[in-house]
Amino acid sequence: MGLRFIFMLTRNDKTVEDAEQHLKTALAAGVHHIGFKDVGLPFDRLRELNAAIKAGGATSYLEVVTLDKGSEVASAKAAVEIGVDILLGGTNVNAVLPVLAGKGIQYYPFPGRIEGHPSVLAGSIDEIVDSAVELAAREGVHGLDLLAYRSAENVTGLMAAVCTAVDKPVIMAGSIGSRERIARVRRSGAAGFTIGTAALEGNYPADSPELEAQLRSIQRDVAGVNNHLSPNTTKNLDKAFASFSETWSPHIAGQVNNMAIKLAKFEGSFVWHHHEVEDELFLVHKGRLLMKFRDRDEIVEQGEFIVVPHGVEHCPVALTDPCEVVLLEPLATVNTGNAVDDRRVTELPYI
Ligand code: NI
């Protein structure tokens, strides 16, 4: 399962004043998991916010950052009353579980010792793992909310240790503000992560600090980390082909289930080969292609495609320079098939 991105309508651990407006932007950008915190806005507005998240088809999250038991129980009751899908955070599990019993809300408390506001995660990795194991064993606990990037410990080691020790989903929270950190979260085995402040302040690497650009950039990075490309954005073939010059070197431009969309520039003649099990589609985007078969030749004009069935020997030849071709074939298909040729490529770059 892919890594889940939860957009928090929060800055510095508080739900932001203009949450409703940001919610509209997030829904329009195709974000499907949206949360807020129990601090920052009055109860009535949180209720409306939650209703708007659900009306937009997204899953709602309330993260509890108040630390005293009374406030935490009040927040859990509020979560029940306004009907959030998932309750994140909090540490008073014994007090909260009875509130949630039978209410159909998933519960992901904080493992470890939480201090201060904005919250930090105190203690050693071993202590946090012990707490995580103990919590995850509880009935009514569906997962954990790990404040990984609010720990002074080695964050990568901490995330991996917790994810290895428990068999319930773990959401990572804290300062996840780059693709590299998202990739690290993914490698740790986490189920998801939250970003709030970085996107709302325009600090995530993107074309612009505007929230929409921030969210699209995060989603693109999540898709890349999940090995699923271009989920929500269009891809322009002219621009994509202009972004590389190597010939006979397919670039991956997208994926449709287990089929890859590969872009390649052909020049001159390739090598005779076949593929044991994979069919290949060649769609000419620019130029003319000659597809040689042992019994005949086919010319593929710009805007036309040809499918070469598996097992059939073929040899593509560019009749123009360049000849830009869109290939549709399994990700693992090697360009040279069964042939031995130094143009064989196995590690394809992504565009
Ligand atoms: Ni081939």
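Start at 1 and go down the list; that is how both ligands and their atoms are numbered. Atom set for the values below is all heavy atoms of this structure, side chains included, hydrogens, waters and symmetry mates excluded.
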Kindly indicate whether a cation-pi arrangement holds for K265 with F244, taking the cut-offs as under 6.0 Å to the six-membered ring centre and within 45° of the axis.
-> yes
Under 3.5 Å donor-acceptor, E72 side chain and N92 backbone | yes
ILVMFWY clustering at 4.5 Å (side-chain atoms), partners of V340 = none
With clusters built from Ile, Leu, Val, Met, Phe, Trp and Tyr whose side-chain heavy atoms come within less than 4.5 Å, directly or transitively, what are the remaining members of the cluster of V277, listed by chain and number?
->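 Via sub-4.5 Å side-chain contacts, V277 links to none.
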Please tabulate, one pair per line, all N/O donor-acceptor pairs under 3.5 Å involving side-chain atoms of residues 302-319, not counting sequence neighbours.
| from | atom 1 | to | atom 2 | distance (Å) |
| --- | --- | --- | --- | --- |
| Q302 | OE1 | G287 | N | 2.9 |
| E304 | OE1 | E301 | N | 2.9 |
| H310 | ND1 | D279 | OD1 | 2.8 |
| E313 | OE1 | R294 | NE | 3.0 |
| E313 | OE2 | R294 | NH2 | 3.2 |
| H314 | ND1 | H273 | O | 3.3 |
| H314 | ND1 | V312 | O | 3.0 |
| H314 | NE2 | H273 | NE2 | 2.9 |
| H314 | NE2 | E280 | OE1 | 3.0 |

Under 2.8 Å from the Ni ion (ligand 1), which protein atoms of type N, O or S occur, listed by chain and number?
->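 Near the Ni ion (ligand 1), the protein supplies H273 NE2, H275 NE2, E280 OE1, H314 NE2.
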Please check if any side-chain donor atom of Q106 sits under 3.5 Å from a side-chain acceptor atom of H142, or the reverse.
->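 Side chains of Q106 and H142: no pair found under 3.5 Å.
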